Amino acid sequence: MTVQGEYEPSPAEWVRTQVAEYESSGGTRANTLMDTGWPVIIVTTRGNKSGKVRKTPLMRVEHGGDYALVASKGGAPTHPVWYYNLVANPEAVVIQDGPEPFEVSVREAGGEEKRLWWERAVAAYPPYAEYQEKTDRQIPLFIASPKAKA
Ligand code: F42
């Protein structure tokens, strides 16, 4: 299952290379953050301005079949622009975590739910805690739930 339309690769070389390698190997290669061993997923969104298909590697934070998508961007003062794609098109999202991509519904987490999922995110990828330390921006976290197969 995919988000239909024209794919526009990331302007960042290392990102588009990771996406290409991950997809062409069915998730058996380029599935970690460089050689750290920390697992990565590929998230497909629809551009909120261009309508194009965008693909973004994110750290893999999974629990009970749901995933957290953490808009950390290394603790930068501004959100990654894929954040705005998820806000605009929360139903046009696909995750690849292994060989097959699957559609998910996405919602931004708040309150207790965010606290719970933030703990899971930091457990999966401890640098998230440092990223939040280094910025006043509240790093958003989305919860992605697989859609029932039609
Ligand atoms: N980023 C994270 O935020 N969290 C992570 O957990 C994470 C893990 C990770 C693991 C491996 C890896 O290789 C990269 C990882 N990254 C992680 C980096 C992530 O993949 C992104 O590169 C980063 O978050 C920045 O996302 P971005 O969407 O801001 O990327 C920019 C550079 C980008 O792609 N810009 C495009 C461009 O042409 O300048 C536009 C993309 C886009 O979506 N455009 C929208 C459209 O309509 O097409 C409009 C967006 C708007 O509203 O302006």
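Here the structure is a predicted model, which is why all the values come from computation and not from measurement. Order of listing sets the numbers, starting from 1, for every ligand and every atom in it.
For the atom pair NZ (Lys55) and CD (Glu8), the distance works out to 12.5 Å, reported to the nearest 0.5 Å.
Listed by chain and number, Pro11, Trp14, Val15, Gln18, Leu33, Val40, Gly47, Asn48, Lys49, Ser50, Arg54, Thr56, Pro57, Leu58, Met59, Val70, Ala71, Ser72, Lys73, Pro80, Val81, Trp82, Tyr84, Asn85, Tyr128 each place a non-hydrogen atom less than 4.0 angstrom from ligand 1.
No more than 12 heavy atoms of other residues, nucleotides or ligands sit less than 6.0 Å from atom CD of Glu133.
For Tyr83, the ring pair (Phe, Tyr, Trp, His ring centres under 6.0 Å) partners at least two apart in sequence or on another chain are His79, Phe142. For Asp66, the side chain to side chain contact (heavy atoms under 4.5 Å, CB included) criterion is met by Trp117, Ile143, Ser145, Pro146, not counting sequence neighbours. Shown here are the ring pair (Phe, Tyr, Trp, His ring centres under 6.0 Å) partners of Tyr125, two or more places apart in sequence or in another chain: Trp38, Tyr128.
Between Glu130 and Lys134, none of the side-chain N atoms (NZ, or NE/NH1/NH2) sits under 4.0 Å from a carboxylate O, so this pair counts as no salt bridge.
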